[in-house]
Trainee: 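Below is the structure I would like to discuss, written out as structure tokens.
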Amino acid sequence: MCRDTIAEILTSIRNAYMDRKRVVRIASTNITENIVKILFREGFIENVRKHREKNKSFLILNLQWNRKRPHKNLFSFKLKRISRPGLRIYSNSQRIPRIFGGIGIVILSTSRGIMTDREARLHGMGGEILCCIW
């Protein structure tokens, strides 16, 4: 059975948002670290730190939430997995989708590493579309 680490971290973050948690602990791999760096750089995550227990490494994420409306909609973004192990979705640089006219981001896996849709268009690169965030 294949483990889809990208879907696992997206589901962990989504579930934490729906349960109104501030802190999420996810397994640390190269792919998850790169995706979390993009989420942190784009402002979807407040803080990230690496934690090690015994022989395993974890990333501890502090989630961003709206402090002005504490009881209403705390969290303001959605995560969706696009390419999956059973159906890979690839795109060239001209056909990378724009999420809500550029408000959301698309995370791609390219030959130069994992990057956002804006960076991929800037470099003229396409790749596998991993997920969308808006």
Side-chain angles (χ1 to χ4, degrees):
M1 186 169 168
C2 180
R3 289 185 56 192
D4 188 7
T5 57
I6 298 168
E8 287 178 7
I9 66 162
L10 294 177
T11 302
S12 296
I13 293 171
R14 188 182 312 116
N15 289 343
Y17 273 119
M18 289 180 0
D19 201 24
R20 297 181 177 164
K21 301 240 186 234
R22 289 281 319 235
V23 179
V24 179
R25 187 176 114 173
I26 59 173
S28 176
T29 63
N30 288 336
I31 293 173
T32 58
E33 285 181 17
N34 290 331
I35 290 173
V36 166
K37 282 179 189 175
I38 289 173
L39 292 175
F40 178 69
R41 190 174 60 221
E42 295 291 326
F44 292 111
I45 294 175
E46 209 172 278
N47 191 13
V48 179
R49 60 190 158 103
K50 198 167 186 177
H51 183 67
R52 187 167 177 89
E53 285 183 15
K54 298 180 183 172
N55 294 332
K56 296 183 179 180
S57 294
F58 297 98
L59 293 173
I60 299 176
L61 314 174
N62 290 340
L63 302 176
Q64 184 81 24
W65 57 285
N66 192 348
R67 291 180 178 86
K68 293 179 182 175
R69 294 180 289 165
H71 300 294
K72 297 229 177 185
N73 186 11
L74 293 178
F75 311 107
S76 60
F77 75 89
K78 306 244 187 243
L79 304 149
K80 184 178 180 186
R81 178 80 158 118
I82 302 296
S83 183
R84 51 192 170 88
L87 179 65
R88 302 287 185 190
I89 306 293
Y90 296 95
S91 176
N92 60 15
S93 62
Q94 290 84 25
R95 295 188 182 254
I96 297 172
R98 292 185 192 273
I99 306 300
F100 289 115
I103 294 173
I105 62 170
V106 176
I107 298 179
L108 293 109
S109 176
T110 66
S111 59
R112 290 189 187 169
I114 296 177
M115 59 180 67
T116 63
D117 57 340
R118 283 178 239 127
E119 294 169 344
R121 280 190 203 96
L122 182 69
H123 294 297
M125 302 185 71
E128 181 183 355
I129 301 174
L130 299 177
C131 61
C132 297
I133 300 149
W134 70 92

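Being a predicted model, the structure only gives us computed values, none of them experimental.
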Trainee: Could you check whether atom CD1 of I89 has more than 12 heavy atoms from other residues, nucleotides or ligands sitting under 6.0 Å from it?
Mentor: yes
Trainee: Show the nearest heavy-atom pair for residues I26 and V24, with the distance to one decimal.
Mentor: CG2-CG1, 3.8 Å
Trainee: CD1/I133 to NZ/K80 distance, rounded to the nearest 0.5 angstrom?
Mentor: 13.0 Å
Trainee: Look at the side-chain heavy atoms of Ile, Leu, Val, Met, Phe, Trp and Tyr, link any pair under 4.5 Å apart, and say whether L108 and W134 land in one connected group.
Mentor: yes
Trainee: Side-chain atoms of residues 6-16: list all donor-acceptor pairs with protein atoms under 3.5 Å, sequence neighbours left out, distances to 0.1 Å.
Mentor:
| unit_1 | atom_1 | unit_2 | atom_2 | d |
| --- | --- | --- | --- | --- |
| E8 | OE1 | R3 | NH2 | 2.9 |
| E8 | OE2 | R3 | NE | 3.4 |
| T11 | OG1 | A7 | O | 2.7 |
| S12 | OG | E8 | O | 2.9 |
| R14 | NE | L79 | O | 3.4 |
| R14 | NH2 | L79 | O | 3.1 |
| N15 | ND2 | T11 | O | 3.3 |

Trainee: So I99 and I103, do their side chains get closer than 4.5 Å, heavy atoms only?
Mentor: no
Trainee: Would you kindly confirm whether Y90 and I35 end up in one hydrophobic cluster when ILVMFWY residues are joined by side chain heavy atoms under 4.5 Å apart?
Mentor: no
Trainee: In this structure, would V48 and I114 fall into the same cluster of hydrophobic residues linked by side-chain contacts under 4.5 Å?
Mentor: yes
Trainee: Is I60 reachable from L63 through a run of I, L, V, M, F, W or Y residues, each pair having side-chain heavy atoms under 4.5 Å apart?
Mentor: no
Trainee: Do the side chains of V106 and I82 join up, straight or via other hydrophobic residues, at under 4.5 Å, putting them in one cluster?
Mentor: yes
Trainee: About how many Å separate CD of E128 and OG1 of T110, when rounded to the nearest 0.5 Å?
Mentor: 11.0 Å
Trainee: Evaluate Y17 against K78 for side chain to side chain contact (heavy atoms under 4.5 Å, CB included), listing each step before the verdict.
Mentor: CA-CA 9 Å; Y17 273 119; K78 306 244 187 243; over 6 Å; no
Trainee: Strictly by modelled atom types, are R121 and S93 linked by a side-chain donor-acceptor pair under 3.5 Å?
Mentor: no
Trainee: Which pair of non-hydrogen atoms, one from G104 and one from D117, has the smallest distance, and what is that distance?
Mentor: O-OD2, 4.4 Å
Trainee: As an exercise, state the distance from CD1 of I107 to CD1 of I129, rounded to the nearest 0.5 Å.
Mentor: 12.0 Å
Trainee: For R52, does the CZ atom sit with more than 12 other heavy atoms under 6.0 Å from it, leaving out its own atoms?
Mentor: yes
Trainee: Enumerate, atom names and distances included, each donor-acceptor pair closer than 3.5 Å involving a side-chain atom of residues 38-45, sequence neighbours excluded.
Mentor:
| unit_1 | atom_1 | unit_2 | atom_2 | d |
| --- | --- | --- | --- | --- |
| R41 | NH2 | E119 | OE2 | 3.1 |
| E42 | OE1 | R118 | NH1 | 3.4 |

Trainee: Decide side chain to side chain contact (heavy atoms under 4.5 Å, CB included) for K50 and L59; before the verdict, give the C-alpha distance in whole Å, the side-chain angles of both, and the deciding distance to 0.1 Å.
Mentor: CA-CA 5 Å; K50 198 167 186 177; L59 293 173; 4.2 Å; yes
Trainee: Using 0.5 Å steps for rounding, measure from the NE2 atom of H51 to the OG atom of S57.
Mentor: 9.5 Å
Trainee: Carefully, step by step, assess R81 and L130 under the rule side chain to side chain contact (heavy atoms under 4.5 Å, CB included).
Mentor: CA-CA 6 Å; R81 178 80 158 118; L130 299 177; 4.0 Å; yes
Trainee: Distance check, rounded to the nearest 0.5 Å: H123 atom NE2 versus R112 atom CZ?
Mentor: 6.0 Å
Trainee: Using atom types as modelled and distance alone, determine if a side-chain donor or acceptor of T32 lies under 3.5 Å from a backbone N or O of A27.
Mentor: yes
